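Structure record follows, encoded as structure tokens.
Remember, predicted model here, so these are calculated numbers, not experimental data. The sequence lines fix the lettering, A, B, ..., with proteins before strands; numbering per chain opens at 1.
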There are 2 protein chains.
Amino acid sequence: MALKYSRQREAIKEFLMATKEHPTADTVYMTVRKEFPNISLGTVYRNLSLLADIGEITRLRLGDGTDHFDGCTAPHYHFICMNCGSVSDLETDSLDSINEIAGKKFDGLIDGHVTYFYGKCANCHKKS
Amino acid sequence: MALKYSRQREAIKEFLMATKEHPTADTVYMTVRKEFPNISLGTVYRNLSLLADIGEITRLRLGDGTDHFDGCTAPHYHFICMNCGSVSDLETDSLDSINEIAGKKFDGLIDGHVTYFYGKCANCHKKS
DNA sequence: AGCAATAACAGTAATCGTTACTGATTTTGA
DNA sequence: TCAAAATCAGTAACGATTACTGTTATTGCT
């Protein structure tokens with residue numbers, strides 16, 4: 001099922017690579033719609049899933065009920081502001097050592113972990 | 001809006017305290033239905049949310065699209081088997097130190113983190 | 001360039017987990 | 001025992017996502 005080029009997919013990827021935000025499918029839809037006024041929401045969802053599956057973008061499940069997407073695939077951690085809901089990248093040393101800590105008293109095999117941090121972002125923290 | 005007793009809520013809580021699994025709302029529904037054959041799924045959802053809000057149970061968002069619930073409210077980490085999907089508790093030293101590691105180059109305020117580990121559970125590991 | 005095969009599309013209907021609404025039932029404190 | 005109010009069962013509605021259908025775009029080949 002050889003992958004074929006599509007400008008819609010290209011536009012979606014471009015947008016994700018360019019932004020520092022971590023938009024939801026709907027936000028991607030709203031944005032790409034400026035260039036492709038009659039792109040379908042289904043197309044956005046299909047391509048986001050496809051791009052995530054082949055590893056060109058990252059799907060973030062932050063537990064807020066809707067998936068977010070990240071154009072950056074290099075491993076890094078995320079921060080969610082409990083005040084304004086913004087998602088930002090964290091520059092952090094690798095935390096892979098926690099896999100071993102967690103595995104000490106565990107009989108199975110730990111391959112990895114999912115972690116995100118929460119609190120108040122710089123902007124919201126300033127205001128209080 | 002003083003909280004009133006209800007046997008349905010009691011049954012839901014009992015079940016969650018008794019099990020080591022981390023059931024979804026639907027599983028809770030299926031189980032409690034044995035005792036209350038015409039309990040409503042809405043009642044299950046409402047009480048799970050209520051119990052989680054007052055801190056008598058914990059809501060787990062594991063990124064699999066459906067919430068899981070844990071009758072144990074003591075802080076601990078969870079492990080998800082990528083093979084069979086089971087969720088288990090991990091006995092682990094506190095990992096709160098990662099909050100500081102993550103906060104080093106961050107301007108906001110980090111209150112906490114959400115972490116779960118994944119890999120192969122003991123059962124599935126044995127079989128391979 | 002022209003063409004057939006097929007991936008990708010737009011549009012829409014369907015699905016799934018969850019929440020909100022409604023009129024009937026329980027619980028509770030007086 | 002009784003009335004106020006929380007909770008219920010049942011069902012409709014919701015938002016995010018996926019699946020389906022007939023049309024369009026891309027591709028490799030001649």
Could you tell me the separation between the CZ atom of B:Arg59 and the P atom of C:dT18, rounded to a whole number of Å? 8 Å
Side-chain donor-acceptor pairs of residues 10-19 of chain B under 3.5 Å, sequence neighbours excluded:
unit_1: B:Lys13; atom_1: NZ; unit_2: B:Glu56; atom_2: OE1; d: 2.6
unit_1: B:Thr19; atom_1: OG1; unit_2: B:Glu21; atom_2: N; d: 3.0

Scan nucleotides 21-30 of chain D nucleotide by nucleotide, 5' to 3', and note B when protein non-hydrogen atoms come under 4.0 Å of the base, S if they reach only the sugar-phosphate, - if neither. ----SBS---
To the nearest Å, give me how far apart CD (B:Glu35) and P (D:dC8) are. 13 Å
Taking all heavy atoms of A:Ala52 and all of A:Arg59, pick out the closest pair and write down the distance. CB-CB, 4.3 Å
Nearest whole Å is fine: how far is C:dC9 P from A:Ile12 CD1? 7 Å
Bend of the helix from C:dA1-D:dT30 to C:dA30-D:dT1 from end-axis comparison, five pairs per end, nearest 10°, comes to 30°
Do any side-chain nitrogens or oxygens of A:Thr43 fall under 4.0 Å of OP1 or OP2 in C:dA10? yes
Phosphate OP1/OP2 of C:dC9: any A:Arg46 side-chain N/O under 4.0 Å: yes
From the list C:dA8, D:dT7, D:dA9, which nucleotide is the closest neighbour of the side chain of B:Arg9? D:dT7
Roughly how many Å is it from NE2 in A:His68 to P in D:dA16, rounded to a whole number? 10 Å
Nearest-Å distance for atom pair CZ/P, residues B:Arg33 and D:dA9: 11 Å
On DNA chain C, nearest-nucleotide positions of A:Asn47 versus A:Gly42: which is more 5'? A:Asn47
Just verifying a value: how many Å separate B:Leu48 CG and B:Asp53 CG, rounded to the nearest 0.5 Å? 11.0 Å
Output yes when at least one side-chain N/O atom of B:Tyr45 is less than 4.0 Å from OP1 or OP2 of C:dT18, else no. yes
List the atom of A:Arg9, the atom of A:Ser6, and the distance in Å for their closest heavy-atom pair. N-OG, 3.0 Å
Choosing from D:dG10, C:dC9, C:dG11, which nucleotide comes nearest the side chain of B:Asn38? D:dG10
For D:dA9, does either OP1 or OP2 sit under 4.0 Å from a side-chain N or O belonging to B:Gln8? yes
A:Tyr29 OH to D:dG15 C1', straight-line distance once rounded to whole Å: 15 Å
For residues 38-45 of chain A, dump all side-chain donor-acceptor pairs below 3.5 Å to protein atoms at least two apart in sequence or in another chain.
unit_1: A:Ser40; atom_1: OG; unit_2: A:Gly42; atom_2: N; d: 3.2
unit_1: A:Thr43; atom_1: OG1; unit_2: A:Arg46; atom_2: NH2; d: 3.2

What is the distance, rounded to the nearest whole Å, between atom CG of A:Leu50 and atom C1' of D:dA19? 16 Å
Return yes if a side-chain donor-acceptor contact under 3.5 Å exists between A:His22 and A:Asp89, otherwise no. yes
If we ignore angles and hydrogens, is there a donor and acceptor under 3.5 Å between the side chains of A:His78 and A:Asp70? yes
I need the CG-P distance between B:Asp64 and D:dA16, as an integer number of Å. 18 Å
Taking only distance into account, with no hydrogens and no angle test, what donor-acceptor pairs under 3.5 Å do side-chain atoms of residues 90-107 of chain A form with protein atoms, sequence neighbours excluded?
unit_1: A:Ser94; atom_1: OG; unit_2: A:Asp96; atom_2: N; d: 3.2
unit_1: A:Asn99; atom_1: OD1; unit_2: A:His113; atom_2: ND1; d: 2.7

Minimum heavy-atom distance B:Thr58-B:Cys72, with the two atoms named: OG1-O, 3.4 Å
Determine whether any donor atom in the side chain of B:Thr66 lies under 3.5 Å from an acceptor atom in the base of C:dG17, or the reverse, and answer yes or no. no
Could you go through residues 114-121 of chain B and list every donor-acceptor pair under 3.5 Å that involves a side-chain atom there, pairing it with any protein atom two or more places apart or in another chain?
unit_1: B:Thr115; atom_1: OG1; unit_2: A:Thr115; atom_2: OG1; d: 2.7
unit_1: B:Tyr116; atom_1: OH; unit_2: B:Leu62; atom_2: O; d: 3.3
unit_1: B:Lys120; atom_1: NZ; unit_2: B:Ser128; atom_2: OG; d: 3.4

